[in-house]
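Right, one structure below, let's go through it.
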Amino acid sequence: MSHTPQYPHAPERAALTVELNHTAVYASDRHLSAEFIAAVLGLEVGTPFGPFLPVDLGNGVTLDYYEKRDEPIQSQHYAFLVAEARFDPMIDRLETLGATYYADPGHTEPGRVNTLFGGRGAYFEDPDGHNMEIMTRPYIRP
């Protein structure tokens with residue numbers, strides 16, 4: 001059985017790896033949500049692209065905020081691997097914004113950070129209830 005690529009102009013490296021390029025993040029107010037995560041992460045909101053308002057994470061991935069007002073926003077989870085030196089300033093920015101952070105994904109340990117895998121991490125909600133996570137070490141998977 002022969003296979004003809006559907007996307008003949010894809011980069012050659014795509015044959016070796018798969019990389020996330022962007023993801024749409026539903027928001028009731030794309031400006032509010034994009035500005036919130038950009039403020040916490042110490043990033044900037046980009047120029048609108050069609051219905052999307054992007055936040056470039058600096059690793060080739062963008063969060064493309066998409067306004068959806070006609071139905072409730074389904075909570076999703078987004079985890080950000082950050083440098084140790086950037087973690088405390090992010091916690092400070094969460095406190096300045098009045099956002100509670102938690103040591104656990106179930107949000108039962110307010111005002112605390114975790115020390116999973118030899119790093120530090122915290123969870124917080126964005127304006128639409130998405131469960132955001134910042135962590136300084138990636139999870140060790142079996």
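When the salt bridge (Lys or Arg N to Asp or Glu O under 4.0 Å) test is applied to Glu109, the partners found at least two apart in sequence or on another chain are Arg112. Not counting sequence neighbours, Phe124 has no partner by the ring-ring contact (aromatic ring centres under 6.0 Å, His included) test. Listed by chain and number, the residues in a ring-ring contact (aromatic ring centres under 6.0 Å, His included) with His107 are Tyr102 (sequence neighbours excluded).
In the hydrophobic clustering of ILVMFWY residues, with side-chain heavy atoms under 4.5 Å counting as a link, Leu20 and Val55 come out together. Using a 4.5 Å cut-off between side-chain heavy atoms of Ile, Leu, Val, Met, Phe, Trp and Tyr, with links allowed through other members, Val61 and Leu53 fall into the same hydrophobic cluster. Clustering ILVMFWY residues whenever any of their side-chain heavy atoms sit less than 4.5 angstrom apart, transitively, puts Leu41 in the very cluster that holds Leu94. Note: the hydrophobic cluster containing Leu43 also contains Val25 (ILVMFWY, side chain heavy atoms under 4.5 Å, direct or indirect links).
Residue Pro105 comes nearest to Asn131 through the heavy atom pair O-ND2, 3.2 Å, listed as atom of the first residue, atom of the second, then distance. Between Ala39 and Leu97, the closest heavy-atom pair is CB-CD1, 4.2 Å. Ala38 approaches Val45 most closely through the heavy-atom pair CB-CG2, 3.8 Å. Of all heavy-atom pairs spanning Pro89 and Ala85, the tightest one is CD-O, 3.4 Å. When all heavy atoms of Leu32 and Pro127 are compared, the closest pair comes out as CD2-CB, 3.9 Å.
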N/O donor to acceptor pairs below 3.5 angstrom from side-chain atoms of residues 135-142, sequence neighbours left out:
from	atom 1	to	atom 2	distance (Å)
Thr136	OG1	Glu84	OE1	3.4
Thr136	OG1	Arg120	N	2.7
Thr136	OG1	Arg120	O	3.4
Tyr139	OH	Tyr123	OH	2.9
Tyr139	OH	Glu133	OE1	3.3
Tyr139	OH	Glu133	OE2	2.5

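For residues 35-59, the ring pair (Phe, Tyr, Trp, His ring centres under 6.0 Å) pairs, not counting sequence neighbours, are Phe52-Tyr66. Applying the ring pair (Phe, Tyr, Trp, His ring centres under 6.0 Å) definition to pairs two or more places apart or across chains, those involving residues 78-98 are Tyr78-His130. The stretch residues 52-69 participates, sequence neighbours left out, in these salt bridge (charged side-chain N to carboxylate O under 4.0 Å, His left out) pairs: Glu67-Arg69, Lys68-Glu71. Within the structure, side-chain hydrogen bond (donor to acceptor under 3.5 Å, both in side chains) pairs that include any residue of residues 29-47 comprise Ser33-Asp128 (at least two apart or interchain).
The closest donor-acceptor contact from the side chain of Ser75 to the backbone of Gly129 lies under 3.5 Å.
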Decide side chain to side chain contact (heavy atoms under 4.5 Å, CB included) for Ile91 and Ile134; before the verdict, give the C-alpha distance in whole Å, the side-chain angles of both, and the deciding distance to 0.1 Å. CA-CA 9 Å; Ile91 293 294; Ile134 53 175; 4.1 Å; yes

What do the steps show when you test Leu57 against Leu63 for side chain to side chain contact (heavy atoms under 4.5 Å, CB included), and what is the final call? CA-CA 7 Å; Leu57 300 179; Leu63 299 178; 4.2 Å; yes

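Under the 4.5 Å side-chain criterion, counting only non-hydrogen atoms from C-beta, Asp126 is not in contact with Ile37.
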